[in-house]
Amino acid sequence: MKEEPRIIYSLDAFPISNNRWNEGNKFKETIYSTALSILYSHLWYKDIELYADETSYKFLYMLPCRVTKISSNKDAIIWMKSKIDVMEKQTKPFIHLDNDAFIKKKISFDFDKVIVEQNDYELYGMYQYRLDFFNKYTQDLDYWKPDLGYAFNCGVLGFRDLELRDQFLKAYYALEEIFIKNNNRG
């Protein structure tokens, strides 16, 4: 069996406090959810780290894991940026858990290259408006599949193969650049 990957979390309070997805301020709920998720993970895993911006660090620094301060991206639209930033920092295999993922029993994260877990099939259509947006601008990207019709919600995303992680990050940054260039935020 391979070495158990480390569990990482990321939390930038700015998007959740500034109406991400038009849901208002969800800071309090997210702090509780993050703490509960980490406490569940702590029952089963030893190597856990939370990367938290200054605001959320004040509430979560005492959790039973490493808590590392990160800078806020101050962007409510590109809300997943902190996740991407901390994934890029990793130097050994890892699993990034979203703040609302709860591991209620020990899971063997024995995978070869990458793991993406999404069992909530209702969410497949959640990002349709984003898919429609990117389908207009991604004709030159060989990895973009305009006929796929859905996007995975990556609540559990991990890499054992860090070269594959780097390819994933490169694709993310290409899509981020397209989004920033073509999205009218105004």
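What you see below is based on every heavy atom in this structure, not just the backbone, and it leaves out hydrogens, waters and symmetry mates.
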Could you check if a side-chain atom of Leu97 sits within less than 4.5 angstrom of a side-chain atom of Ile7, using non-hydrogen atoms only? yes
Go through it in stages, so that I can follow the logic: the residues are Gln90 and His96, the test is side-chain contact (heavy atoms from CB on, under 4.5 Å), and I'd like the CA-CA distance, side-chain angles, deciding distance and then a yes or no. CA-CA 10 Å; Gln90 303 310 304; His96 183 286; over 6 Å; no
Across all chains, not counting sequence neighbours, the side chain to side chain contact (heavy atoms under 4.5 Å, CB included) partners of Phe111 are Pro5, Ile95, Phe109, Ile115, Arg160
Does the side chain of Ser41 come within less than 4.5 Å of Leu43's, by heavy atoms? no
For the backbone of Ser33 and the side chain of Ser37, can you confirm whether one donor and one acceptor N or O come within less than 3.5 Å of each other? no
As a quick check of understanding, evaluate side-chain contact (heavy atoms from CB on, under 4.5 Å) for Glu88 and Asp166, giving each step before the final call. CA-CA 8 Å; Glu88 192 166 26; Asp166 292 345; 6.0 Å; no
Suppose we screen for side chain to side chain contact (heavy atoms under 4.5 Å, CB included). Which residues come up paired with Thr55, at least two apart in sequence or across chains? Ala13, Phe27, Asp53
For residues Lys136 and Asn182, determine if any side-chain heavy atom of one lies less than 4.5 Å from a side-chain heavy atom of the other. no
Residues at least two apart in sequence or cross-chain that pass side chain to side chain contact (heavy atoms under 4.5 Å, CB included) with Glu177, listed by chain then number, are none
For residues Ile103 and Tyr40, report the shortest heavy-atom separation together with the two atoms involved. O-CB, 3.4 Å
Is the shortest side-chain N to carboxylate O distance from Lys83 to Asp12 below 4.0 Å? no
Could you tell me which residues satisfy salt bridge (Lys or Arg N to Asp or Glu O under 4.0 Å) with Glu29, sequence neighbours excluded, listed by chain and number? none
Co-membership, hydrophobic cluster, residues Phe14 and Phe179, 4.5 Å side-chain: no
In terms of heavy-atom contacts, Arg66 and Asp47 come closest through NH2-OD1, 2.5 Å
Is the ring pair Phe134/Trp144 parallel, tilted or perpendicular, if the boundaries are 30 and 60 degrees? tilted
For Arg165, check salt bridge (Lys or Arg N to Asp or Glu O under 4.0 Å) against everything at least two apart and list the hits. none
If you measure from CG on Leu36 to CG on Leu63, what distance do you get to the nearest 0.5 Å? 10.5 Å
Criterion side-chain contact (heavy atoms from CB on, under 4.5 Å) on Ile78 and Asn73, from CA distance to verdict: CA-CA 9 Å; Ile78 305 177; Asn73 289 299; over 6 Å; no
Is there side-chain contact between Tyr57 and Thr68, with heavy atoms separated by less than 4.5 Å? no
Minimum side-chain heavy-atom gap Lys181-Asn183 below 4.5 Å: no
Glu54-Ser72 side chain donor-acceptor pair, cut-off 3.5 Å: no
Looking at CE of Met87 and OG of Ser82, how far apart are the two atoms once the value is rounded to the nearest 0.5 Å? 11.0 Å
Please check if Ile48 and Tyr32 belong to a single hydrophobic cluster, counting links between Ile, Leu, Val, Met, Phe, Trp and Tyr side chain heavy atoms closer than 4.5 Å. no
Just checking, is any N or O donor in the side chain of Thr138 or Tyr143 under 3.5 Å from an acceptor N or O on the other one? no
As a test of understanding, state which of Asn135, Leu141, Asp132 forms a side chain to side chain contact (heavy atoms under 4.5 Å, CB included) with Pro146. Asn135
Keeping the roles fixed (side chain from His42, backbone from Pro64), state whether a donor-acceptor pair exists under 3.5 Å. yes
So, Asn19 side chain and Gly24 main chain: donor-acceptor pair closer than 3.5 Å or not? yes
Contact check, side chains of Val86 and Glu49, non-hydrogen atoms, under 4.5 Å: no
Test of understanding: with side chain to side chain contact (heavy atoms under 4.5 Å, CB included), list the residues that count as partners of Thr30, not counting sequence neighbours. Leu11, Ile16, Lys26, Thr34
Any carboxylate oxygen within less than 4.0 angstrom of a Lys/Arg side-chain nitrogen, looking at Glu4 and Lys46? no
Test Asp161 against Val114 for side-chain contact (heavy atoms from CB on, under 4.5 Å), laying out the working first. CA-CA 7 Å; Asp161 181 337; Val114 64; over 6 Å; no
Give me the atom names and distance for the closest heavy-atom approach of Phe94 to Leu157. CE1-O, 4.3 Å
How about Glu163: does its CD atom have over 12 heavy atoms from other parts shown lying under 6.0 Å from it? no
Using only atom types and a distance under 3.5 Å, with no angle test, would you say the side chain of Tyr9 pairs donor to acceptor with the backbone of Ala35? no
Test of ring centre spacing under 6.0 Å for Phe159 and Phe168: yes
Is there a side-chain contact between Tyr51 and Lys89, using heavy atoms and a 4.5 Å cut-off? yes
Point-to-point distance, once rounded to the nearest 0.5 Å, from OG of Ser10 to CG of Asn99: 6.5 Å
Shortest non-hydrogen pair, Ala101 vs Gly155, comes out as CB-O, 4.2 Å
Side chains of Glu176 and Tyr173, heavy atoms from C-beta outward: is any pair under 4.5 Å? yes
If we ignore hydrogens and angles and just use 3.5 Å, is the side chain of Lys106 paired with the main-chain N or O of Trp44 as donor and acceptor? yes
